Structures are given as structure tokens and as C-alpha cells.
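Since the structure comes first, as C-alpha cells, the remarks are kept for the end.
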Amino acid sequence: MKPGNKLEKPKDRKGTLLRLGQYLLQHQFSLLLAIGMNLAGNLLALAGPMLSGRAVDAIGAGAGQVDFPKVFYFAGWMAACYLCSALLTYMLQVLMLTISRRVVYQMRKDVFSHLLSLPAGYFDTRQTGDILSRISYDIDTINTSLSDDVIQLMTTIITVSGSFIMMILVSRSLVLVFFVTVPLSLCITRFIVKKTRPLFRKRSQALGKLNGYAEEQVTGQKTLKAYHQEANRQKEFDAFNRDAVEQFYRSEYYSSCTGPLVNFVNNLSLTMISVFGALLFLYNRMTVGQISSFVLYSRKFSGPINEAANILSELQSALAAAERVFAILDEEPEKADEPGAAELKKAKGQVELRHVTFGYEPGNPILHDLSLKAEPGSLVAIVGPTGAGKTTLINLLMRFYDADSGCVAVDGRRVEDWTRSSLRKAYAMVLQDTWLFTGTVYENLAYGRTSVSREQVEEAAKAAKIHSFIEKLPQGYDTILSEEGANISKGQKQLLTIARAMLLDARMLILDEATSNVDTRTERQIQAAMRKLMEAKTCFVIAHRLSTIQTADHILVMDHGEVVEQGNHEQLMSQNGFYKEMYQAQYE
């Protein structure tokens with residue numbers, strides 16, 4: 001450890017164990033069966049040393065004085081016990097793998113389901129790679145611990161308890177040796193576990209940061225190469241990689257010290273047993289067979305303690321991973337709909353904002369006392385410089401965030417009076433950042449509707465000026481698009497998302513720079529087609545190219561979170577204000 005590097009304390013070790021236990025208790029019958037099989041298998045294995053001692057006592061003191069029938073009798077029982085124990089152990093491992101698989105399946109399902117219920121703000125402030133690391137790496141760590149470490153832990157408890165009882169039955173005097181060595185082993189283990197627990201948490205966090213950074217750089221490869229940032233990004237990656245490796249080394253270093261130290265103490269106990277056992281034999285207090293049995297039981301007693309130390313170290317990693325997974329499950333989901341919230345089934349499309357103030361951080365508002373009204377079927381354009389609050393306004397309309405003060409209303413009622421799901425279904429949305437999933441072109445276009453005919457899909461594609469391109473693909477509408485549509489151009493992806501939005505039966509439409517990736521000629525064609533298709537629908541368009549929104553019914557000019565001007569194109573141009581300056585600056 002570097003000087004001055006303060007260890008991070010674990011949050012709630014007991015709580016994490018209890019929550020993991022709750023997942024296990026969902027499979028009570030299987031778990032009880034596993035405990036029974038483990039108990040039976042270990043008890044059969046514990047019978048071996050006693051039978052071995054009886055076989056040794058069947059050997060006489062003089063040469064050739066061996067009672068072979070007696071030796072074969074006990075040896076046969078030993079083989080039978082060990083064979084049955086091995087079969088039960090194999091069946092136990094299969095059963096625990098099944099239990100851990102079910103637990104991990106349920107845990108991943110719970111995490112993913114909870115992620116879908118989280119507000120948009122959660123994903124705005126977290127790295128995607130770190131979230132993915134928790135779903136994959138951290139849950140895999142828990143899976144390994146449940147399938148392996150739980151079995152070993154149960155085995156340790158049974159073996160240690162059973163061996164201790166058997167040693168007392170063989171010789172109470174020799175058992176006193178362990179009153180010295182066992183506390184010493186426990187002190188060593190406790191000291192190292194205390195050191196490693198926060199280190200394993202740091203290791204999981206470092207791996208999450210590394211995955212998050214790697215995901216960002218892989219996603220932005222083209223930009224990275226275009227700006228010749230390979231060397232700089234390599235340096236930054238090396239720093240994250242070095243931190244991850246260093247945290248891994250620190251946690252494993254202390255963890256690896258446990259085994260040798262505890263093993264030394266165990267061997268010390270074996271040495272003491274040999275010395276005191278010889279003295280007891282000298283005074284005719286023990287037979288050679290009893291000493292042999294005691295030594296075997298001492299190994300069974302000490303070995304699991306050594307393994308338990310390693311298991312506890314591995315459990316620290318599992319607990320650290322579980323804490324990160326449960327941290328997602330503990331995140332507050334989107335606020336539930338207000339009692340009595342109604343379904344917005346047939347929206348008229350009237351949208352109004354009254355004196356709305358909002359900021360992503362308390363005390364730092366982005367929108368200030370914003371008011372606007374969009375009548376049904378109108379086209380409202382929102383323009384302004386970068387950072388003016390245009391996208392923030394869209395976030396409020398979709399209820400990705402709620403206003404700090406003021407009121408956002410749809411069809412004369414506050415958005416809080418409508419259910420979130422029905423409100424969002426009333427909007428169709430096309431963003432500047434296009435998103436397509438791995439699947440056919442048809443599946444991507446029909447994404448927002450449960451039942452849609454092929455003809456409807458083709459009609460929307462024709463309106464979006466993308467039908468002829470789709471027809472030229474190898475399998476037409478059945479062509480598989482790769483992840484995020486990487487096998488088509490960015491402009492074509494945007495046209496597909498526009499066609500997808502056209503298929504939605506929504507009374508309101510949001511276009512956030514939706515035509516930024518297409519050429520001017522195609523953009524005009526799309527706008528003409530969309531204008532025709534979206535008659536009687538309320539449309540909100542965020543645009544930087546002012547030439548594209550001249551026909552808007554109402555233009556909202558925003559700057560620093562405030563509406564500085566509003567009106568149609570002719571009215572704004574006649575005012576000789578901020579809008580006219582922006583318009584002339586673009587043409588100049």
C-alpha cells in the first residue's frame with residue numbers, strides 16, 4: 001500500500017449477505033437438499049480416518065503379525081465410504097451450479113428490469129461501461145462464489161465440527177494443541193480479511209472505470225482517429241489499466257498471504273501432535289492406530305480452516321461485487337404516477353408551458369420562467385445557440401425530468417395528471433443521435449408498434465425517401481442491420497428513424513435536429529412528406545438551420561434558458577432582433 005492511501009470501508013456487509021441469502025432462499029427445497037447431501041457426504045468422509053486407525057491396529061508389533069481379514073474388512077468399508085462421499089460431492093456440485101445459475105438469472109433479470117424503471121437522469125450521470133460491468137463482471141463474480149465458495153464453506157463447517165468431535169473421542173489430551181493454533185489462525189485470517197475487504201471493493205470500482213473508458217473510446221473510434229488522439233488516449237487508458245491492475249495486485253497480494261501463514265500454523269499443530277502423541281504412546285495412553293486416526297482428523301480439521309481463509313478472501317470479492325449490483329437495485333426508480341392519473345388515449349395535441357423553471361442541479365436553473373402554448377396541429381420550432389435549453393425543453397415535454405416550478409400541460413391538464421406511459425406514447429420522437437438495434441430493417445421500422453402491416457412500413461419508408469435504398473439491400477426489408485446500424489451510413493440511419501416515427505400513432509411529434517445528417521435536398525423532400533403526413537399533429541422541431549423552419553406556425557427563440565423572441569418567420573425578421581441576427585449570420 002502507498003503511504004497515505006486510505007482504505008475505503010465497506011458499506012453494509014451484513015445487509016449484503018442477507019440480500020444474497022434472500023435470493024438463495026427462493027430455492028429453499030434445493031438448498032435444503034444441498035445441505036443434506038453435503039452433510040451426508042462429509043460424514044461418510046469423516047468415517048474414513050476412524051476405519052483407517054482400526055486397520056492400523058490390526059497390524060501387530062512384530063514382523064508378519066498382520067490380521068489381514070480385519071485389515072481388508074476396515075479397508076473395504078473405507079473404500080465404500082469414500083466412494084459414496086465422492087458421488088454425493090459430485091451431485092452436490094451439480095445441484096449448486098443449478099442453484100447459482102437460477103440465482104444469477106434472477107439477479108440479472110432484476111437489475112435489467114430496474115434499469116428500465118430508472119429515470120433518464122441516472123444514465124446521464126453514469127458511464128455505460130460501468131453499468132455493463134456490474135451486469136456482467138460483478139454478477140459473474142457472485143455466480144462463481146455461489147457455485148464454489150458456498151459448497152466449500154458448508155464443507156468446512158461440517159468437516160471442522162465433525163473432525164473436532166472425533167478428535168475428542170480419540171484423545172481429549174491432544175485436542176488441547178488446537179487451543180493454541182486455532183486462535184492464532186483466526187487472528188491471522190481476521191487481520192487479512194479486514195485488509196482485503198475494502199481492497200476488493202476498490203478493485204471492482206477500478207474495473208468498472210476501465211470498462212467505462214474502454215467503451216467510450218471504442219464507440220468513438222472514428223472521432224479519435226480523425227483528431228489523431230491515439231497516443232493521448234493510449235496514455236489515459238494506461239492510467240486506468242494501471243490502476244485496475246494495481247488494485248487487483250493489492251487485493252490478491254493480501255489474499256495470497258492468508259494461505260501460507262495459516263498453513264504454517266497448521267503444520268505447527270501437526271508437529272506438536274507428533275511430539276505429544278509419541279509421549280502418550282510411551283505411557284500407553286494411545287495406540288498407534290489412534291495416533292494415526294488423530295493425525296488424519298487433525299489434517300481434516302486444519303485443512304478446511306486453511307481453505308476457509310482463502311474462501312473468505314474470495315467472498316470479499318463477491319461481497320464487493322454484490323454491493324455494486326445492489327447499488328443499482330437501490331436506486332430510486334421514476335416517481336410513480338400520481339393517484340388518479342388518467343390514461344391519455346386520444347390526445348388532441350395542445351401543449352402549454354406556464355412559468356416553467358428547471359435545472360439539472362439544485363440552484364443552477366437552465367430554464368427561467370418559460371412560457372409557451374402550442375395549439376393542436378401546429379408546428380412549433382425551437383431555435384437558439386448551443387446551451388440555450390432547447391433539448392432541456394424536450395426532456396420536460398417527455399417527462400424525462402419534471403419541472404422545478406411552473407406547469408407543463410397537455411390537453412389542458414398537468415402532465416402529472418396523465419400516466420407517464422400514455423403521455424410518452426402520445427409523442428413520436430426522432431433524435432439527432434440515431435439508435436438502431438441488431439435485427440431486420442422491417443423490425444427496426446416497426447419497433448414502436450406491436451402490429452403493423454408490411455404495406456404500412458413500406459409507405460412510411462417511401463415518405464421518408466428511404467424505400468429505394470432498402471430495396472437495393474441484399475434481402476430488402478429482411479436485411480439484418482448490424483449493431484447500431486454500422487453497415488449503413490449515418491444519413492440512412494436517420495432516415496430509418498424518421499420512417500419509424502412516422503409509423504407511430506401519435507398526435508405529437510418531437511424532432512431534435514432530426515435531419516442534421518441528411519443533405520439539403522433530401523431534407524426538403526422529407527420535410528414536405530412529413531408535413532403532409534403529420535397534418536393535425538402538434539410538432540416540436542429543434543433546428544439549427546433556420547432555413548428549414550421558415551414555414552413553422554410558431555418559432556420560439558431561446559437564449560440562456562429564456563424565450564427572448566417568439567412569432568412566425570416574417571414577424572421575427574421584421575423585429576430586427578436576435579432571430580434576424582442568427583438568420584443573417586448563417587447566410588453570411
Side-chain angles (χ1 to χ4, degrees), residues 7-35 38 92 95-119 122-123 125-127 130-157 189-190 193-209 211 247 251 255 308 310-336:
L7 293 177
E8 187 177 359
K9 295 182 179 179
K11 293 180 180 178
D12 186 9
R13 186 170 68 255
K14 291 181 180 178
T16 304
L17 283 170
L18 288 173
R19 293 180 74 170
L20 281 174
Q22 290 174 359
Y23 275 96
L24 285 170
L25 289 175
Q26 293 177 12
H27 311 280
Q28 292 181 6
F29 176 77
S30 297
L31 198 60
L32 288 172
L33 182 60
I35 293 171
N38 199 347
L92 172 65
L95 181 59
M96 286 305 299
L97 280 172
T98 303
I99 294 173
S100 64
R101 182 187 64 186
R102 292 173 180 171
V103 167
V104 167
Y105 169 81
Q106 187 62 45
M107 189 176 290
R108 274 208 179 97
K109 182 181 178 181
D110 290 347
V111 171
F112 188 77
S113 176
H114 193 70
L115 283 172
L116 296 179
S117 71
L118 293 179
Y122 177 83
F123 301 96
T125 56
R126 267 79 172 181
Q127 284 186 315
D130 183 56
I131 296 173
L132 295 177
S133 178
R134 299 186 190 208
I135 297 175
S136 57
Y137 169 77
D138 288 333
I139 293 184
D140 280 339
T141 301
I142 297 169
N143 182 28
T144 302
S145 181
L146 289 178
S147 59
D148 296 333
D149 297 340
V150 171
I151 295 176
Q152 293 188 19
L153 198 58
M154 288 194 297
T155 301
T156 296
I157 295 171
T189 303
R190 185 175 180 181
V193 166
K194 189 177 180 180
K195 282 282 187 182
T196 56
R197 188 181 300 123
L199 293 178
F200 277 114
R201 286 193 67 235
K202 284 191 171 184
R203 185 176 80 172
S204 292
Q205 290 171 354
L207 285 171
K209 291 179 181 178
N211 288 337
Q247 296 298 342
S251 59
S255 177
N310 294 325
I311 293 169
L312 289 174
S313 297
E314 292 174 5
L315 282 174
Q316 304 316 306
S317 178
L319 286 176
E323 280 185 349
R324 283 166 48 80
V325 172
F326 290 139
I328 292 180
L329 294 174
D330 289 338
E331 290 289 339
E332 288 292 330
E334 278 190 319
K335 288 193 302 183

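Note that the structure is predicted; figures quoted are calculated from it, not measured. Throughout, residue positions are numbered sequentially from 1 according to the sequence presented.
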Residues that [X] engages under salt bridge (Lys or Arg N to Asp or Glu O under 4.0 Å), provided they are two or more places apart:
X: Glu334; result: Arg420, Arg424
X: Arg101; result: none
X: Arg102; result: none
X: Arg324; result: Asp130, Asp138

Work out which heavy atom in [X] is nearest to a heavy atom in [Y]; give both atom names and the distance.
X: Arg108; Y: Ile139; result: CG-CD1, 3.4 Å
X: His114; Y: Leu329; result: NE2-O, 3.3 Å
X: Met96; Y: Ala34; result: SD-CB, 3.9 Å
X: Leu20; Y: Ala322; result: CD1-CB, 4.1 Å

Rounded to the nearest 0.5 Å, what separates atom [atom1] in [X] from atom [atom2] in [Y]?
X: Leu31; Y: Ile35; atom1: CG; atom2: CD1; value: 4.5 Å
X: Thr155; Y: Leu92; atom1: OG1; atom2: CG; value: 6.5 Å
X: Asn211; Y: Leu132; atom1: CG; atom2: CG; value: 8.0 Å
X: Met107; Y: Asn143; atom1: CE; atom2: CG; value: 9.5 Å
X: Leu319; Y: Thr16; atom1: CG; atom2: OG1; value: 6.0 Å
X: Leu115; Y: Tyr122; atom1: CG; atom2: OH; value: 6.0 Å

- Does Ser145 use its side chain to pair, donor to acceptor, with the backbone of Thr141 at less than 3.5 Å? no
- Verify side chain to side chain contact (heavy atoms under 4.5 Å, CB included) between Ile142 and Val103, making sure each step is shown before the conclusion. CA-CA 9 Å; Ile142 297 169; Val103 167; 5.7 Å; no
- Item | Stepwise side chain to side chain contact (heavy atoms under 4.5 Å, CB included) check, Leu146 with Ile99 | CA-CA 8 Å; Leu146 289 178; Ile99 294 173; over 6 Å; no
- Query: What pairs of residues pass the salt bridge (Lys or Arg N to Asp or Glu O under 4.0 Å) test when at least one of them lies in residues 22-32, not counting sequence neighbours?
  - Reply: none
- Task: May I have all residue pairs that pass side-chain hydrogen bond (donor to acceptor under 3.5 Å, both in side chains) and include part of residues 23-34, sequence neighbours excluded?
- Result: Tyr23-Asp110
- Item | Side chain proximity check, Asp330 to Arg19, heavy atoms < 4.5 angstrom | yes
- Message: Please check if the number of heavy atoms outside Phe123 that lie under 6.0 Å from its CZ is greater than 12.
- Response: yes
